[in-house]
> 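Dumping the structure here so I can ask a few things about it.
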Amino acid sequence: MTRGKQKIEAQRRNAERNQKPKGSQLEARAVALKVSCPICKNLTKSSKVVLAGNVKITECFRNGDVETARCIFHEMPKKNLVTWNCMISGYVRNNKLSEAQEVFNIMPKRNVVSWSALLNGYAKCGLLCEAQELFDRMPERNTICWNSLISGYLNHEEFGKARECFCKMPKRNSISWAIMIRGYLQQGLLTEARELFDQAPDKSTSLYNALLSAYVEWGCMEDAHSLFSEVPQKDDATWTTMITGFSRVGEMEHARRLFEEMPGKCMEAYTAIIWGYMQSGDVKSAQTLFDELPSKDVVLWNTIIGGYVQNKMFGVALKHFMEMPVSDIWSWNLILLGHVQERDMVKAFNFFLKMPERDQTSWNTIISGYQSEEALVLFSQMIKDGFRPNQTTFTTVISICAALASLGWGMALHSWSIRSGYEYDTKVRSSLITLYAKCGLLAEAHDLFHSMSKQDTIAWNAMIVGQAYNGCPEEAFKLFRSMIQFELNPDHVTFLGLLTACSHNGLLWKGLEIFSSMQALWKLTPKVEHYNCVVDLLGRSGQLKEAYEFIRQMPLCIPIYTWETLLGACRLHGNMELAEMVARKILSFKPSEGGAYVALSNIYASKGIWEDASRTRSLIKEHGARKDQAYSWIEIKGRTTVFVCSDKSHPQMMDIYRELDSLSVIMEEALIPI
DNA sequence: ATAGGGTTAG
């Protein structure tokens with residue numbers, strides 16, 4: 001550091017000695033003696049050398065090679081003002097602000113470019129006070145300086161100051177307008193942006209595209225479409241943005257029409273519309289367009305693979321993955337996600353190990369597949385491998401902690417997330433709300449919710465689900481009503497929370513009402529989970545026949561666990577005939593499902609039909625089925641204690657069973673007949 | 001041909 005300073009200082013003195021007086025003398029003599037004088041030749045030669053050096057330095061900085069740039073600079077026998085300016089801007093480009101500042105301080109002569117390069121550095125780093133101060137001290141200001149300052153304010157959420165500068169600046173050019181309009185767009189102030197846009201003297205296509213993108217992002221497709229028709233020189237991005245927009249809102253007819261009208265369709269446009277078809281579940285149209293293209297890039301391949309994964313057609317996704325000539329980490333991550341979605345964690349993990357490289361997404365994906373302590377073990381491994389948890393990591397792992405009711409880990413992750421800068425992140429916070437609610441700490445959940453700057457649907461959902469789990473259905477409904485008042489749209493998860501609230505509290509009619517309002521009032525098509533909730537609700541209430549009928553009328557593919565829900569209800573209400581039928585149904589799909597045999601056997605046993613009970617049990621062995629040992633656990637002060645049926649190995653065994661007995665008595669007394 | 005402001009679609 002000090003040696004570097006010394007070197008620069010030496011260079012500066014050299015530069016002072018060599019440049020100024022001699023330069024002017026030489027120039028004078030060059031004019032006097034006209035060409036062909038040896039000194040003049042030297043001058044031309046040396047200025048050529050300086051120029052070459054400047055080009056080299058700039059190139060190195062652009063490639064991020066700061067060291068080489070520095071070396072060239074130090075070894076240059078002659079430098080000019082541009083050389084020094086190259087150093088400032090190069091350092092700024094590579095986020096070496098103190099070095100840039102140093103160069104600025106010791107350079108022999110400065111011009112407006114030197115000042116504005118440093119100003120830009122301050123602005124980029126968010127040192128806005130310093131930037132403003134420098135700006136005020138500048139001997140000369142031009143539009144570029146104003147633009148830098150405004151851009152700095154906009155990039156660091158000093159929107160008001162940026163506006164003030166924009167109004168105050170003596171002269172604006174097209175870039176000033178573009179900066180300011182993009183500033184408004186970033187703030188989501190679309191109306192204001194549009195007003196400014198209409199006033200702007202000349203607009204590049206890229207600025208049109210920026211406004212279009214914003215409309216698309218906010219789903220304002222009417223505005224987007226009318227602006228689109230006004231774009232004088234539409235480029236590929238203009239068309240692609242529009243196609244993406246219609247794809248996003250699911251208006252595939254519009255997307256298709258635009259795509260057909262588009263002259264010289266670029267690959268990005270193909271990607272956009274294929275993505276749209278995949279989103280809308282129109283796998284066939286997507287595939288047809290994909291096949292139409294003779295050459296495809298990785299992004300397009302990934303779009304088609306991701307589409308198949310999303311549409312739960314993992315086999316086809318895998319086939320494409322095998323066929324693609326070059327894959328990147330994105331492709332690998334998609335297939336990894338596919339394995340995880342298939343709930344085949346053995347394959348997923350093997351695939352994970354086989355990956356040529358792993359990034360944060362790979363880790364997040366594999367971790368999300370485990371709903372157990374294994375997730376936490378992998379999380380630790382991820383940290384050991386040098387990855388830093390990001391937003392997705394935190395939400396994933398905290399959600400798993402919530403599912404495990406693992407308060408110790410959850411709280412550790414909570415503080416870690418704050419230290420990592422996610423204190424005010426709504427997604428992380430929502431997962432924390434779920435965690436605390438799940439662990440019964442409703443006050444903490446409440447605090448986290450109310451201290452949010454703005455609660456989104458996810459946060460409201462977390463609260464609703466939390467109340468549902470804690471046996472407070474009325475609170476859940478109340479939250480739902482408030483949420484509506486705040487003009488937030490409920491989504492699938494919201495209704496899952498409400499239905500859970502009903503099924504956990506035996507609110508049959510309320511639940512059915514919510515289920516039907518979901519589609520009729522809120523235009524949300526129920527998913528399997530919602531149907532399952534209703535089956536649970538009917539089953540728990542003893543409406544077994546109705547539950548059975550309800551399943552038979554489900555418009556979706558019926559997963560095994562729906563039947564298992566009904567089987568559980570049959571056990572609860574001792575309906576042996578239905579139980580037997582359901583259990584057989586489950587076993588016909590999955591003969592290795594030990595749980596169904598056990599349930600069946602238990603039903604026979606409870607009715608005293610011992611022969612059938614033991615016959616069922618022996619069937620388990622015959623089919624090689626096994627039932628995983630069920631267990632529960634509790635975490636106290638970071639130590640986890642596992643409870644397995646009739647286990648007597650715990651040192652405090654006597655105390656535990658005594659507590660259990662007294663709890664049983666309390667529960668019997670509190671039992672409300674359903 | 002070299003230095004300062006904004007663009008980079010899926």
> Centres of the A/W239 and A/F259 rings: under 6.0 Å?
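Ring-ring flag for A/W239/A/F259: false, centres at least 6.0 Å apart.
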> Counting only side-chain N and O atoms of A/T241, is one of them less than 4.0 Å from OP1 or OP2 of B/dA9?
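For A/T241, the contact criterion (side-chain N or O under 4.0 Å from OP1 or OP2 of B/dA9) is not met.
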> Which part of the nucleic acid, if any, lies within reach of A/V55 when heavy atoms closer than 4.0 Å are counted: base, sugar-phosphate only, or nothing?
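Touches sugar-phosphate only.
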> Consider the side chain of A/V112, meaning its heavy atoms from C-beta on, and name the nucleotide among B/dG4, B/dG6, B/dT2 that approaches it most closely.
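The nucleotide sitting nearest to the side chain is B/dG4.
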> Distance check needed: B/dT2 C1' versus A/L81 CG, whole Å only.
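Distance check: A/L81 CG to B/dT2 C1' gives 12 Å.
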> Using side-chain heavy atoms (C-beta onward) and a distance below 4.5 Å, is A/F228 in contact with A/L212?
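Of all side-chain heavy-atom pairs linking A/L212 with A/F228, at least one is under 4.5 Å.
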> So what does A/I179 touch, heavy atoms closer than 4.0 Å: a base, only the sugar-phosphate, or nothing?
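Touches sugar-phosphate only.
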> For A/R93 and B/dG6, give me the distance from atom CZ to atom C1', rounded to whole Å.
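To the nearest whole Å, that distance equals 13 Å.
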> When the distance from CD of A/E217 to C1' of B/dG10 is rounded to whole Å, what number comes out?
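Value for this atom pair: 14 Å.
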> To the nearest Å, how far apart are A/L51 CG and B/dA1 P?
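Answer to the nearest Å: 10 Å.
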> Measure from the side-chain heavy atoms of A/T58 and tell me the nearest of B/dT2, B/dG10, B/dG6.
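The listed nucleotide nearest to A/T58's side chain is B/dT2.
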> May I have the distance from A/D328 (atom CG) to B/dG10 (atom C1'), rounded to whole angstrom?
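The distance from CG of A/D328 to C1' of B/dG10 comes to 13 Å, rounded to the nearest Å.
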> Under 4.0 angstrom, heavy atoms only, what part of the nucleic acid is A/N209 near: base, sugar-phosphate, or nothing?
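It contacts nothing in the nucleic acid.
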> Any idea which of B/dG4, B/dA3, B/dT7 is nearest the A/R182 side chain?
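Selected nucleotide: B/dT7.
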> If you only use heavy atoms from C-beta on, which nucleotide in B/dG4, B/dT2, B/dG6 is closest to the side chain of A/C86?
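Of the options given, the side chain of A/C86 lies nearest B/dT2.
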> Can you measure A/Q186 atom CD to B/dG6 atom P for me and round it to whole angstrom units?
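Interatomic distance, CD of A/Q186 to P of B/dG6: 12 Å.
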> Counting heavy atoms from C-beta on, name the nucleotide in B/dT2, B/dA9, B/dG4 closest to the side chain of A/E268.
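Closest nucleotide to the A/E268 side chain: B/dA9.
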> Within the structure shown, what part of the strands sits under 4.0 Å from A/T303 by heavy-atom distance: base, sugar-phosphate, or nothing?
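Answer is nothing: A/T303 stays at 4.0 Å or more from every strand.
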> With a 4.0 Å cutoff (strictly under), does any side-chain N or O of A/R62 reach OP1 or OP2 of B/dA3?
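Answer is yes, contact under 4.0 Å.
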> Using the side-chain heavy atoms of A/D297, tell me which of these nucleotides is nearest: B/dA9, B/dT2, B/dG10.
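Looking only at side-chain atoms, A/D297 lies closest to B/dG10.
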> Using 4.0 Å as the upper bound for N to carboxylate O, is an ion pair formed by A/E260 and A/R257?
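Salt bridge flag = no for A/E260 with A/R257.
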> For A/N120, which contact category applies under a 4.0 Å heavy-atom criterion: base, sugar-phosphate, or nothing?
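Touches sugar-phosphate only.
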> Out of B/dA3, B/dA9, B/dG4, which nucleotide sits closest to the side chain of A/A237?
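My answer, after comparing the listed nucleotides, is B/dA9.
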> Distance criterion of 3.5 Å, no angle test: do you see the side chain of A/D235 paired donor-to-acceptor with the base of B/dA9?
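Side chain to base: no pair below 3.5 Å.
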> Report which part of the nucleic acid A/N302 touches: base, sugar-phosphate, or nothing (heavy-atom distance under 4.0 Å, all strands).
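Touches nothing.
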> With respect to the side chain of A/N111, which nucleotide from B/dA3, B/dG10, B/dG4 is positioned closest?
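Per side-chain heavy atoms of A/N111, the pick is B/dA3.
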> Tell me whether the centres of the aromatic rings in A/W177 and A/F166 are closer together than 6.0 Å.
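Centroid distance A/W177-A/F166: below 6.0 Å, so yes.
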> Per the side chain to side chain contact (heavy atoms under 4.5 Å, CB included) rule, which among A/I88, A/V103, A/L119 passes with A/S114?
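With A/S114 as partner, A/I88, A/V103, A/L119 yield a single side chain to side chain contact (heavy atoms under 4.5 Å, CB included), made by A/I88.
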> Rounding to an integer number of Å, can you tell me how far A/L154 CG sits from B/dT7 P?
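These atoms are roughly 11 Å apart.
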> Using whole Å, report how far CH2 of A/W84 lies from P of B/dG4.
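Between P of B/dG4 and CH2 of A/W84: 17 Å.
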> Once you measure the plane-to-plane angle for A/H339 and A/F351, does it fall in the parallel (<30°), tilted (30-60°) or perpendicular (>60°) bin?
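A/H339 and A/F351: tilted rings.
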